[in-house]
Amino acid sequence: MNPIWCLGGAVWDRKLCLLSAPVQASSNPVRESSSPGGVARNVAHNLSQLGLNAALLSAWGDDAAGALLRMDCLRQGLNIDAVITVADAATGAYTAVLGADGNLLLGLAQLDALETLTPARLLRSQAARARAPLQLADLNLRRDTLATWLAEERQGLAVLLAVSEPKMASLPEDLSRLDLLIANSGEWWAAGGNSELARRGLQRALVTQGAQGVRLGEWRAGHWKWQTLPALPLSQIRDVTGAGDAFAAGVLAALASGQTDWAAAARFGQRLSQVCLQSLHSVAPEITPALLNELEKPDAS
Ligand SMILES: Nc1ncnc2c1ncn2[C@@H]1O[C@H](COP(=O)(O)OP(=O)(O)O)[C@@H](O)[C@H]1O
Ligand SMILES: O=c1[nH]cc([C@@H]2O[C@H](COP(=O)(O)O)[C@@H](O)[C@H]2O)c(=O)[nH]1
């Protein structure tokens with residue numbers, strides 16, 4: 001079966017979780033952990049843990065962190081044939097400072113290697129990607145690369161996943177060939193919100209709102225039609241890192257399994273983020289093929 005392609009960031013995550021309330025301009029005791037991260041890589045990793053075939057297009061450095069990422073991706077069964085190893089840039093790194101309640105206080109991202117993923121380099125994998133049932137690109141990628149990606153000939157669906165409010169600046173001008181944008185509400189408004197995104201040709205969006213659930217928006221007859229899906233109950237949040245990526249992976253997994261109802265796909269995304277939020281890992285090891293049994297049947301929607 002053709003893999004689901006994930007294009008974008010693959011980095012090392014370092015998470016520093018405060019043990020008590022933060023004190024500014026002072027040293028604060030933390031619990032530290034590190035793991036492979038990067039939005040596109042996280043999505044591909046979630047998909048492969050579900051037992052689905054996933055391929056990654058990214059760039060990392062020719063250094064120790066890049067070698068570890070490579071080994072980890074191969075261990076996860078990801079197809080990394082298209083990943084570029086860059087000689088003159090360091091592997092990307094993301095440092096998150098989390099409060100004692102697991103919520104993000106500050107995130108610091110360095111993804112210099114991805115700047116080498118130019119439109120010309122993207123096109124080298126076009127033939128392999130053109131027949132994919134689904135392609136997801138994250139907004140770590142350069143704006144010109146994303147615009148080229150959206151303009152490519154393809155058979156499957158194209159999904160764009162936001163990464164952070166500052167990186168909404170990479171959103172291409174023409175979104176008319178995009179099938180779905182997934183963003184949290186801060187990212188949605190950072191990109192200009194309802195009218196601006198409709199002006200650019202966007203027709204479908206999933207806007208996640210943390211504990212307030214998810215809004216599914218469809219642009220029809222000159223208006224956004226919104227449907228709100230309430231958040232699933234949570235007994236505890238251990239670490240929010242990766243919840244948005246788990247959500248996107250759940251949406252893709254549902255679509256790849258034949259689900260044509262976008263709301264049902266979003267509900268499966270919420271189920272995966274629920275599992276992720278209760279885990280200390282960016283990609284929860286509890287995400288396994290057994291979860292696919294919870295997918296709503298396409299004809300039951
Ligand atoms: N406090 C919460 N309670 C319940 N679900 C949550 C909570 N925070 C996040 N989620 C789930 O995780 C998804 C992604 O989280 P969100 O914070 O909206 O995105 P991001 O992590 O990309 O900023 C949400 O749509 C929701 O399903
Ligand atoms: O500019 C970026 N910030 C953060 C990430 C990644 O985002 C992930 C967490 O995403 P979220 O909690 O939004 O699902 C982390 O693994 C981190 O590596 C990224 O790719 N690019």
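In this chain, residues are counted from 1 in sequence order. Start at 1 and go down the list; that is how both ligands and their atoms are numbered.
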How does [X] reach ligand 2, if at all, at less than 4.0 Å between non-hydrogen atoms: by side chain, backbone, both, or neither?
X: D245; result: both
X: N42; result: side chain
X: A243; result: backbone
X: V39; result: both
X: L111; result: side chain
X: N140; result: side chain

Could you state the interatomic distance from [atom1] ([X]) to [atom2] ([Y]), rounded to the nearest 0.5 Å?
X: D101; Y: Q236; atom1: CG; atom2: CD; result: 11.5 Å
X: L180; Y: L202; atom1: CG; atom2: CG; result: 8.0 Å
X: S195; Y: W224; atom1: OG; atom2: CH2; result: 10.0 Å

Given G186, G250, G269, G210, identify the one with the heavy atom nearest to atom 26 (C) of ligand 1.
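Going through G186, G250, G269, G210 one by one, G210 has the nearest heavy atom to atom 26 (C) of ligand 1.
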Do side-chain atoms of R129 reach the backbone of L122 as a donor and acceptor pair under 3.5 angstrom?
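Yes, the answer is positive, given that a donor and an acceptor are paired below the 3.5 Å cut-off.
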Checking the side chain of S273 only, and the main-chain atoms of G269 only, is there a donor and an acceptor separated by less than 3.5 Å?
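A pair under 3.5 Å: yes.
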Starting from [atom], which protein heavy atom do you reach first, and at what distance in Å?
atom: atom 1 (O) of ligand 2; value: K167 NZ, 2.8 Å
atom: atom 4 (C) of ligand 1; value: L234 CD1, 3.5 Å
atom: atom 21 (O) of ligand 1; value: G244 N, 3.5 Å
atom: atom 12 (O) of ligand 2; value: G242 N, 2.7 Å
atom: atom 15 (C) of ligand 2; value: D13 OD2, 3.2 Å
atom: atom 13 (C) of ligand 1; value: S273 OG, 3.6 Å

State, to 0.1 Å, how close A249 and N46 come at their nearest heavy-atom pair, and which atoms those are.
CB-CB, 3.4 Å
Going by the atom numbers of ligand 2, which of them fall below 4.0 Å from some non-hydrogen atom of V163?
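So the atoms of ligand 2 that pass are 1 (O), 2 (C), 3 (N), 19 (C), 21 (N).
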Check whether more than 12 heavy atoms from other residues, nucleotides or ligands sit under 6.0 Å from atom CZ of R70, and answer yes or no.
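Open.
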Residue [X] vicinity, atoms of ligand 1 by number, heavy atom under 4.0 Å:
X: A231; result: 4 (C), 5 (N)
X: T208; result: 16 (P), 18 (O), 19 (O), 25 (O)
X: V214; result: 25 (O)
X: I237; result: 1 (N)
X: L232; result: 4 (C)

Does one hydrophobic cluster hold both L98 and L234, with members joined at side-chain heavy-atom distances below 4.5 Å?
yes
Pair R267 + E296, salt bridge at N-O below 4.0 Å:
yes
The test is side-chain contact (heavy atoms from CB on, under 4.5 Å); show your working for L136 and I4 and say whether it passes.
CA-CA 8 Å; L136 171 139; I4 300 173; 5.8 Å; no
Just to check, does G107 reach to within less than 4.0 Å of ligand 2 when the distance is taken from its heavy atoms?
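Checking ligand 2 against G107, which is what was asked, there is no heavy-atom contact under 4.0 Å.
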Are D138 and L7 close enough, and set up right, to give a side-chain contact (heavy atoms from CB on, under 4.5 Å), and what steps lead you there?
CA-CA 6 Å; D138 77 29; L7 288 65; over 6 Å; no
So if I apply the side-chain hydrogen bond (donor to acceptor under 3.5 Å, both in side chains) rule between T91 and each of D63, T85, D62, which one comes out positive?
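With T91 as partner, D63, T85, D62 yield a single side-chain hydrogen bond (donor to acceptor under 3.5 Å, both in side chains), made by D63.
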Taking the six-membered ring for Trp and the full ring for Phe, Tyr or His, determine whether the centres of W219 and W226 are under 6.0 Å apart.
no
Look only at interatomic distance and state if A109 has a nitrogen or oxygen under 3.5 Å from any nitrogen or oxygen of ligand 2.
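So ligand 2 has no N or O lying under 3.5 Å from an N or O of A109.
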